Protein chains: 2
Amino acid sequence: MVTMRDVAQAAGVSAATVSRVLSGSRRVNPELAARVLAAQDELGYRTNLLASGLRRQRTDTVGMVVPQVGNPYFSALMEAVGRRLQRVGITVLLVDAENDPDAEAEGLHRLLDRSIDGLLAVPVDEHASTAALTEAAERVHLVQLDRAAEGVPADLVAVDHLAGIRSAVDHLVARGCSDLAFVSAEPRDSTARERARAFDDAMRATGATARASAFGSYTVEWGRVAATRLVEGGRLPQAIVCGNDLIALGVLAVLGEAGVDVPGEVAVTGYDDIGFATLTAPALTTVRQPVDSLAEAAVDLLLGDGPGEDGPSVQRFVPKLIVRASTDPSAPVPHRRRVQERP
Amino acid sequence: MVTMRDVAQAAGVSAATVSRVLSGSRRVNPELAARVLAAQDELGYRTNLLASGLRRQRTDTVGMVVPQVGNPYFSALMEAVGRRLQRVGITVLLVDAENDPDAEAEGLHRLLDRSIDGLLAVPVDEHASTAALTEAAERVHLVQLDRAAEGVPADLVAVDHLAGIRSAVDHLVARGCSDLAFVSAEPRDSTARERARAFDDAMRATGATARASAFGSYTVEWGRVAATRLVEGGRLPQAIVCGNDLIALGVLAVLGEAGVDVPGEVAVTGYDDIGFATLTAPALTTVRQPVDSLAEAAVDLLLGDGPGEDGPSVQRFVPKLIVRASTDPSAPVPHRRRVQERP
DNA sequence: GAGGTACGGGAAATCGATTTCCCACCTTCC
DNA sequence: GGAAGGTGGGAAATCGATTTCCCGTACCTC
């Protein structure tokens with residue numbers, strides 16, 4: 001391995017000078033600087049980040065923990081966060097919690113052991129994640145993203161799910177649906193809890209009647225199971241409000257296979273607006289989460305000073321309902337214009 | 001920060017002894033060992049991986065570079081690799097190349113600077129990725145996964161695309177399709193080149209006739225564009241062979257919107273078998289890549305000794321055609337059995 | 001010309017864990 | 001009883017980059 005000493009020797013200067021040239025931490029004779037840069041180039045020297053990090057007590061690295069790398073909503077978040085941080089020269093270390101609080105805790109430890117400068121976390125479980133995250137918050141600057149774990153002393157950037165679910169329900173009610181079913185994940189994380197609560201509130205506010213809600217997980221498979229039960233149960237609701245898009249995709253698939261007319265017989269809404277939401281037949285009406293805004297706000301907080309005197313802050317972004325054919329047959333076909341514009 | 005010295009002091013021993021207790025590198029008086037462990041627990045000590053890595057010249061960390069985190073096929077690979085490596089106590093540092101060779105090169109450097117013990121790479125471009133990967137291979141044990149870059153001296157674990165495409169074409173021909181179109185990505189990476197080559201070979205071998213192939217990128221959007229051109233071109237082929245599932249999803253969406261009967265008028269095949277391939281209507285016939293086998297083989301190579309005397313090795317896995325409704329209306333409905341088994 | 005102040009270079013201390021290297025003590029065996 | 005061998009603990013060197021501290025030179029100022 002070629003070290004800074006080698007470069008120093010080749011350039012005929014001390015290691016201190018090499019360090020100063022490369023980091024720009026102090027003025028250096030231009031003639032010496034040129035020799036150093038030439039030597040670096042010649043030897044192909046690159047600074048060892050372990051040594052540098054150890055000495056500086058900073059690594060220009062932040063950790064990010066997400067519940068599930070395979071969920072397109074989280075990959076979108078990862079990509080958005082990664083782009084922003086790369087721009088300011090910070091590397092992201094990614095950990096997949098595999099939807100398991102234990103794996104999450106273990107991943108957090110592995111990140112902390114690497115002396116990261118900050119941590120972005122999407123907690124797996126509102127309660128089971130608390131201990132590990134609280135510990136993490138004591139060691140590094142932590143920002144919670146998308147979800148919160150109970151009692152963790154860290155800022156939060158999230159979405160106003162009350163408004164999100166409400167916009168979906170209002171839309172359905174306006175289209176004449178009064179008998180709604182809610183299919184979502186068990187309220188183990190804050191988003192699932194808030195969306196369930198929001199659905200109940202919306203029912204009360206609009207006077208629509210709700211089927212018994214079905215709670216499973218944020219997966220396609222659960223959407224399939226729940227929809228199968230509804231189909232086999234006989235009397236279908238007029239609309240199915242899904243806790244996220246993956247569930248909605250499963251629901252749509254089962255309804256399609258069963259020959260149910262969507263949205264004629266049953267309307268369906270999702271939540272997130274992942275890329276695949278435009279690909280179903282019919283395309284999925286969904287509540288679009290502002291991924292870029294979330295990423296931007298979270299990164300800004302992370303690079304900032306952290307919670308002030310008056311405790312952690314909470315930022316909520318309002319999501320936007322995207323109406324497509326799964327609730328409205330007259331909705332424009334997705335991307336049609338763009339495709340037609342090509343020669 | 002609590003250091004090993006603090007633990008040593010609290011336990012009334014030297015730092016050397018603490019290190020020996022924690023790493024098990026030498027026998028230590030059980031009584032002292034107990035004191036050390038108690039002190040560690042008391043102080044919440046965790047070893048600093050920067051310092052440890054610097055001294056040991058090993059980090060128990062490997063890097064992984066993928067072209068695009070958001071592509072479900074790559075997230076599946078990442079998950080499979082991550083699970084395997086976690087089992088042997090190795091951490092994966094992930095880099096998203098954003099389908100850009102420059103971003104890829106930069107990401108590779110950032111990984112190398114961190115003193116990783118090994119590197120798994122899915123090269124973005126068969127030629128443009130060569131320089132950076134060759135340099136990386138000189139510094140660290142490199143294994144290429146899924147794709148290869150020209151001339152890089154590193155082992156490769158990949159899929160036999162000749163067989164994969166051939167199985168799809170044979171299936172279509174057997175079902176009576178003789179007029180085929182191939183929609184894939186520009187052959188800038190080895191998989192795209194091999195699949196294109198395989199399609200031509202299969203045409204010759206089966207005597208089917210091919211439309212001019214359409215090359216774009218491995219994205220839904222390109223699938224939409226290509227399908228739109230075919231639809232607007234008038235005479236549709238009897239089957240469309242897609243270079244990957246994302247393209248196929250775009251193609252299916254456009255055909256669906258245009259009211260084309262699949263597979264009656266046009267049959268469609270994909271490649272990869274991502275999770276969403278079962279969700280389209282009709283479900284997508286596709287060539288399933290053996291993600292777990294690939295991950296296993298790549299990890300084994302990475303943990304092994306590297307290329308021997310006789311140059312880099314190449315392992316090819318044979319993929320499997322999964323027949324679904326997009327080519328065969330009688331194909332079983334996906335997951336139906338599983339769903340029905342539930343109460 | 002004496003004294004003061006920048007400026008810029010290098011030697012050495014430092015970050016925290018690991019690993020020599022050395023030494024004291026204890027067995028064991030002739 | 002003494003030599004040989006083994007065990008286990010600690011002091012100090014080490015990994016590679018950064019930074020403090022010190023010193024010599026140059027430039028001012030009065």
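We use all heavy atoms of the structure for the numbers below, so side chains are in, but hydrogens, waters and symmetry mates are not. Computed from a predicted structure; not experimentally measured. A, B, ... follow the sequence lines: proteins, then strands. Residue 1 opens every chain.
- Applying the side chain to side chain donor-acceptor pair (under 3.5 Å) definition to pairs two or more places apart or across chains, those involving residues 32-45 of chain B are B:E31-B:R35.
- Note that the first and last nucleotides of DNA chain D, 5' to 3', having any atom under 4.0 angstrom from a heavy atom of chain A are D:dG16 to D:dC21.
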Quiz prompt | B:M78/B:M64 under side chain to side chain contact (heavy atoms under 4.5 Å, CB included): CA gap, chis, key distance, verdict | solution = CA-CA 8 Å; B:M78 287 157 38; B:M64 180 167 184; 4.2 Å; yes
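- Contacts classified as side chain to side chain donor-acceptor pair (under 3.5 Å) and involving residues 2-16 of chain B (residues at least two apart or in different chains) are given here: B:S14-B:T17.
- Note that CG of A:D189 and CD of A:E150 are 13.0 Å apart. Values are rounded to the nearest 0.5 Å.
- One end of the helix from C:dG1-D:dC30 to C:dC30-D:dG1 points its axis 50° away from the other end's axis, with each axis taken from 5 pairs and the angle rounded to 10°.
- Residue order along DNA chain D, read from the 5' end via each residue's closest nucleotide, puts B:L32 first among B:L54 and B:L32.
- The two residues B:A295 and B:A80 have their closest heavy-atom pair at CB-CB, 3.6 Å.
- Taking CG of B:L120 as the reference point, atom CG of B:L85 lies at 7.0 Å (rounded to 0.5 Å).
- The side chain to side chain donor-acceptor pair (under 3.5 Å) contacts involving residues 112-125 of chain B comprise A:R46-B:D113, A:T61-B:R114, B:T59-B:D117, where partners must be two or more places apart or lie in separate chains.
- The CZ atom of B:R26 sits 10 Å away from the C1' atom of C:dC21 (whole-angstrom rounding).
- Using a 3.5 Å distance cut-off with no hydrogens or angles, the side chains of B:Y73 and B:D146 do pair a donor with an acceptor.
- Atom P of nucleotide C:dG9 and atom CD of A:E31 are separated by 10 Å, given to the nearest angstrom.
- Taken residue by residue, residues 10-21 of chain B places heavy atoms nearer than 4.0 Å to DNA chain C at B:A16, B:S19, B:R20.
- The CG atom of B:N71 sits 10.5 Å away from the CG atom of B:D96 when rounded to the nearest 0.5 Å.
- Closest approach of A:A76 to A:V291, counting heavy atoms only: O-CG1, 3.7 Å.
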